[in-house]
Each structure stands twice: as C-alpha cells, then as structure tokens.
Q: 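Sharing a structure, written as structure tokens. Questions coming.
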Amino acid sequence: MNVAFTSDNIAGASDSVLAAIVKAAQGNAMPYGNDEGTVQVTNMLADLFECEVDVFLVSTGTAANVLSLSAMTPQWGNVFCHQESHLLNDESSAPEFFTGGARLVGLGGANAKIDPLQLRKAATQKIGDVHTCQPGALSLSQVTEVGSVYSLEEIKALTDIAKEVGIATHMDGARFANALVALKCSPAEMTWKAGIDIVSFGATKNGVMAAEAIVVFNRELVKNLDVLRKRGGHLHSKMRLLSSQMAAYLTDELWLKNAMHANEMMALMQDGLCGIPEIKINTPAQANMLFCTLPDGMEDYLKSKGFAFYGGRWESGVVRLVTSFRTLKEDVEAFVESARRFNTLAAKQSRI
Ligand SMILES: *Cc1c(COP(=O)(O)O)cnc(C)c1O
C-alpha cells in the first residue's frame, strides 16, 4: 500500500477497540442504550469532564454536529461558524435539514479561527427585527480545518459574545484529542470552563471504528437530544457496539496516546519540511494536520514516489498532510527525504 497522509480517517481502528466490539457482541444486552456498557460510557465521560453530562452516541461526526445544532438553534436562527468549517463545507445540507432550516453564517478569521469582531458584528445586528434571521447558535472547530488550535483565551472570547447575545456554543471536536494534547490542558478547561455548552467528542479519526459522543454540559440550553437523535435515525438498537468502542477508547488513556502519537508525527514532518526553503508552511501545524505550498513539480514527484495526500483542491501547489495514530516514523522520514531529494534534483537540473 501507498504511504498515505491523506487523512486520519484512512487509518483503521486500534486493536483494543476492535477487541472490545467482539467482546460486546457476545451474549445479550438490552437495546437502544439501555445496557450497562452505555451507562458506563456516560460515567467515564462525566469523570473525564469533571461534571455531570448527558451523552448521546452516534456513528458519524456529521450526525454529532448537526444533531447538536438542532438541539440548540430555533429554525429561524443563524448558526455562526467559520467560512472554512466542516459544518459549512463538508456536511452537505445536513445542518439545514436537521435544524429545520436554520441558516449557517460563515465568518472570517485568520487560520480558520472565527474573528471575535466579526462574530460580534454578525450576532448583534438587527436583534428583534422580524425580517432578519436571529442569533441561533455558535459553532467552532477544535482542531480547526487548517490544523490550527484555538487557545483557551480565544475560545472564551467567542463564548463570551455568545453568552451576551443569549445563544449556546457548540464545539466540533472531530479532532478533540489532538487539540487537547496540543494545549496540554484538561478536557474541562477546553470546554465548559471556557464556556462551551455542548461538544461533538470525536473518536473515529483517532482510533475507533465508528463512534462519536455528543456531550452536553448545559442541559438548560441544549434539550431534547434523545428525541432528536431517534428522529434523525441515530439511535442505534445495538448501542452497546458503539459504547464498547468508546469505553475502550477512553481506557488506559488510549485516546490521548493515539493523539500524542499523531501530533508527534506531524511535528516531525513539519520540522523536516521547514528545513526545505522552497516549501512554504501556510498554517503552522499545532496538532496533526498541515497545509503547505510545494514548489512546482514537487507534488507530482512525491506522488510518483508512492506518497498519497490531497492537493489540487486549493490554490496551486497547496497540499494537505495529515498524520494519524497509525502513522509510522519511517514513513514521515521517507516523505521528508523525498521532498529534499526533489529539491536537490531540481537545483541540479536548473544548473545544466
Ligand atoms: C471529519 C470531520 C468531521 C466528521 O465527519 P464525518 O465524515 O461525518 O464523520 C466533523 N468535523 C470536522 C472538522 C472533521 O474534520
């Protein structure tokens, strides 16, 4: 197989997760989440976040995001997000469908982080005007879509504005663990202590087969998710198979170990690429994703050497590299070495 830095969801699942599914599949258990394993996952997440939480397991990140939003915003609300967000660009019209027609508003801001000034402006205009979409919810991605990470202060600045206008804040944590490891803070600090009301706690990209947890901190603002999940077709009857994945993910800090590995591999990659002057780092990687601009011909050269990654989707030369819990150090080193070799070859050719 190719050496691939295409995405973190090209990797399979951690062995202990798969073993846990096999074990959970033995014998009988009550359906629809009325089993011991599912209760256990809620308790584990309550411990992890150091507070009482409601937990709703679903099997895709899109479902976690759009169900969360559907519990937060009125149908006539604006959902503020970044213009680069997965929510806006990569979830088809699921947000509109699940919220019953709420409007996504894509805001700007450097490094795919929402600019607080733009949020304030958009969220405070024409309040109470029946002709205008009213503030409905705020959603931010941690890690962002370009591989940057909001600091705790940056999260707080945004959630403060949301609180001022009386809307709830959602965190799209498809790469929650990678962000947490980057910030070296506690899960509580990165979420409810910074004003987050609900999080899509991603696990699929970081070692499980298919399970994500919607974790609700603010039960006042975020309601009816039990019904909304059923209505949205994500109340799995064999919930124990999802719960078993999440329990294994949280056991012995597998989730942190996996993310630490992915982030370390990206740090190694970034260090190596930084040493090649012809390569431009577009957004410094803080977690496990890097956007950079390669010189003419390098992308094709690297692909011809068997490396897979996304390019050709953005401005000319811009590529995305993602490492995962399964990425091998040798593969990162081989990639960097090939990039270096391309440069040497190109330099020689230009001298001829
Ligand atoms: C991958 C991802 C998701 C979830 O996507 P699914 O394909 O629905 O599982 C959500 N948000 C972000 C930022 C992602 O990268």
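All ligand and atom numbering here is 1-based and tracks the order in the structure.
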Q: Check whether the side chains of Asn288 and Thr323 place a donor and an acceptor atom closer than 3.5 Å, and report yes or no.
A: no

Q: Restricting to non-hydrogen atoms, name the atom on Ser141 and the atom on Tyr150 that form the minimum distance, rounded to 0.1 Å.
A: O-CE1, 3.3 Å

Q: Quick test of your reading of the model: are Glu153 and Lys156 salt-bridged, counting only N-O distances below 4.0 Å?
A: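 Salt bridge between Glu153 and Lys156, a charged N being under 4.0 Å from a carboxylate O: no.
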
Q: Dump the intermediate steps for salt bridge (Lys or Arg N to Asp or Glu O under 4.0 Å) on Arg120 and Glu164, then the final yes or no.
A: CA-CA 9 Å; Arg120 181 178 295 284; Glu164 269 172 54; 2.8 Å; yes

Q: Ignoring hydrogens and angles, state whether a donor on the side chain of Asn206 or Tyr249 is under 3.5 Å from an acceptor on the partner side chain.
A: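 Yes, because at least one side-chain N or O of Asn206 sits under 3.5 Å from a partner of the opposite role on Tyr249.
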
Q: Do we see a donor-acceptor contact under 3.5 Å between the side chains of Ser85 and Asp172?
A: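 Asp172 and Ser85 do not have a side-chain donor-acceptor pair below 3.5 Å.
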
Q: Could you name the protein residues that come within less than 4.0 Å of ligand 1, counting only heavy atoms, and order them by chain and residue number?
A: Thr60, Gly61, Thr62, Asn65, His86, Glu91, Glu145, Asp172, Ala174, Arg175, Lys205

